[in-house]
Amino acid sequence: DSKDVDETVKSICPFCGVGCQVSLKIKNGKVRAVEGINGPANEGRLCVKGRFGFDYIHHPHRLTTPLIRREGAPKGLNVDPANPMTHFREATWDEALDMVANSFKSLSAASDGRAIAGFGSAKCSNEEAYLFQKLIRQGFGHNNVDHCTRLCHASSVAALMENVGSGAVTATFNQIEHADVAIVIGSNPVENHPVAATYFKQFAKRGGKLIVMDPRGVGLRRHATHMLQFKPGADVAMLNAIMNVIVEEGLYDQTYIEKFTENWEAEKAHLAKFTPEAMAPICGIPADQLRAAARTFAGGKAGMIFWGMGVSQHIHGTDNSRCLISLALMTGNIGKPGAGLHPLRGQNNVQGASDAGLIPMFLPDYQPVTDDAVRGTFSRLWNSGDFSGEKGLTVTEILDAVHAGSIKGMYILGENPAMSDPDVTHARHALSKLDCLVVQDIFLTETANYADVILPAAAFYEKNGTVTNTNRQVQMGRAAVAPPGEAREDWLIITQLARRLGLDWDYTHPGQIYTEMAKGMKSLANITWERLENEGAVTYPSLSPTDPGQPIVFAEGFPRAGGRAKFTPASIISPNELPDADFPFVMTTGRQLEHWHTGSMTRRSHVLDTVEPEANCSIHPATLHRLGVLPGGSVRLVSRRGAITIMARADRAVAENMVFVPFAYVEAAANVLTNPAVDPYGKIPEFKFAAVRIERA
Ligand code: SF4
């Protein structure tokens, strides 16, 4: 009953990149219910995670005091989060922060700062992401700072930066209201971006032509006019065949190509050999279906292309995105209503954390660390000396460097590499080797099991700060309740550590941090903290202090030399590890509707964990029958890197030679099996293709 609350507070859902605005109902200092409100991305809608996934913030496992590892306590997945005192002891904030600062100072002094690395978080605010990268750069003098974008859309951003000149979406997903054709590829929005999916379904209901492409028969197929269930890893073959048809049948937009692009002749020549007949056996889609999809997309007046991790998480993820960019360019589908490129962002603030410079090769707004003038600008803004112009190490490179002995101290804020990294046994072993591991989080995560010091942080609904969703909408998140015990906001903890490292920081409110950050970011021009407090959301770019922002960009050209976007031809590259007699199945990983990433929040949300309580994988019923396993029985999945035992569900959406494994479950962690091979451009691991064996358990 809405009358039975003390207060309502407007904020943003903390889960996916859709960025739904919520109204939090507070009673006796606790969040009791969540309702959707009229935000620009959700118009009152919420999915099950936003609606019911809030009570984790009041869970008894919340960290409430700083913890220091007991002398001699073994590192490993061996701490009961309900009773961490077997391995840790409580400490005061002063003791814990002094210990961290002293340890980092001595490791830094012995290595010119290079022995320290940081993983920030796409679950923190823009201000916190900005401060975290500033701490590593200003405090230790180099760029070994990254976050989970590396495991998410790094390859998409690499291709967008290369060919379009900007890593963000060219149109908000709501623009599909003005489209008459759309492609959704390598994405399962019905489960992973459920509120965005409602717009896609409404588009199909109005008669829009929806082309769904995925190796799994994802939920959106029920609304599709074309469902291309292609062979895993065959994206480039399929997309090049579709573009071959568009070229051969003269369906491209010559006027747009001449006015806004470069390298078209090379792309055209490259595509000649990718005929539908030649590509059909490679991608598993008959030639006539490839032709039909090409004619449908090119025949539309305005078309959008959406993609997800199914495109990006391959060793050829950058090539996959290059194809999608080329497809949009050749059909003139950028810069007008109902048209555009939209990689659907995963975490609630992965767009903002990337924009804020939480990346080893870029400062805020994707300005290269290798550029002396750019570093000079930030040195002046920070009132400090220069820092290294060498690109830092990425997430997976940092853990390799721990194994090699060159990284000895890590500060991990809100990330869980002991669950989220590929070949997680390698990652866990690296974490156990560190001289000093500091984990700042809301729960004693799997990664915190390896920590020397744990710092208790405030959860999203316990702090103020801005976040940027997949639509480039910068939105204001507001504190609704107090953090438990002595837990503190991340920006405050980072500031208190920075002061102990000798930095002259005096932030007392996130608004100050935002204002400093915006001085170094043209993308935030005209978007002040005060505007966000008053308006709740502004889309960047905003052209004036009263402009709510531009949903579509690049109508007049691109932010590249000469103002032109570029065609970059892509060739077929085989997945890194192909099935063979010992490992005959292809495993792919992902999320489920009810659980978020490594499960630390949603598995502690009562409703969500009740609906989906058990680790599970999806296997075709014919495969289960062949293996002699009943639906609901256990299977053992084995890859070259390890093995897990997990309950098997019968699922006709998964091809007979595949298995789909969600990565939220520590008791059957999908990433024990995944392949750490990376895309050479985006450095993103191949989570979407590993060779495995399935055994009856
Ligand atoms: Fe939250 Fe995403 Fe669901 Fe919206 S769609 S309620 S942002 S999880």
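Given the structure is predicted, the values throughout are model-derived calculations rather than measurements. Order of appearance sets the numbers: ligands from 1, and atoms from 1 within every ligand.
- Ion pairing between Asp490 and Lys463 holds under the 4.0 Å rule for side-chain N and carboxylate O.
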Verdict with reasoning, Ser155 to Asn320, per side chain to side chain donor-acceptor pair (under 3.5 Å): CA-CA 9 Å; Ser155 53; Asn320 292 347; over 6 Å; no
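- Exactly one residue among Phe200, Tyr199, Phe306 makes a ring pair (Phe, Tyr, Trp, His ring centres under 6.0 Å) with His342. That residue is Phe306.
- A salt bridge links Glu462 and Arg62; the closest N-O separation between the charged side-chain nitrogens and carboxylate oxygens is under 4.0 Å.
- Listed by chain and number, the residues in a side-chain contact (heavy atoms from CB on, under 4.5 Å) with Asn616 are Gln592, Glu612, Met647, Arg649, Pro662, Tyr665 (sequence neighbours excluded).
- Annotation: protein N, O or S atoms under 2.8 Å of atom 4 (Fe) of ligand 1 (waters excluded) comprise Cys20 SG.
- Neither side chain, Ser125 nor Trp491, offers a donor N or O lying under 3.5 Å from an acceptor on the other.
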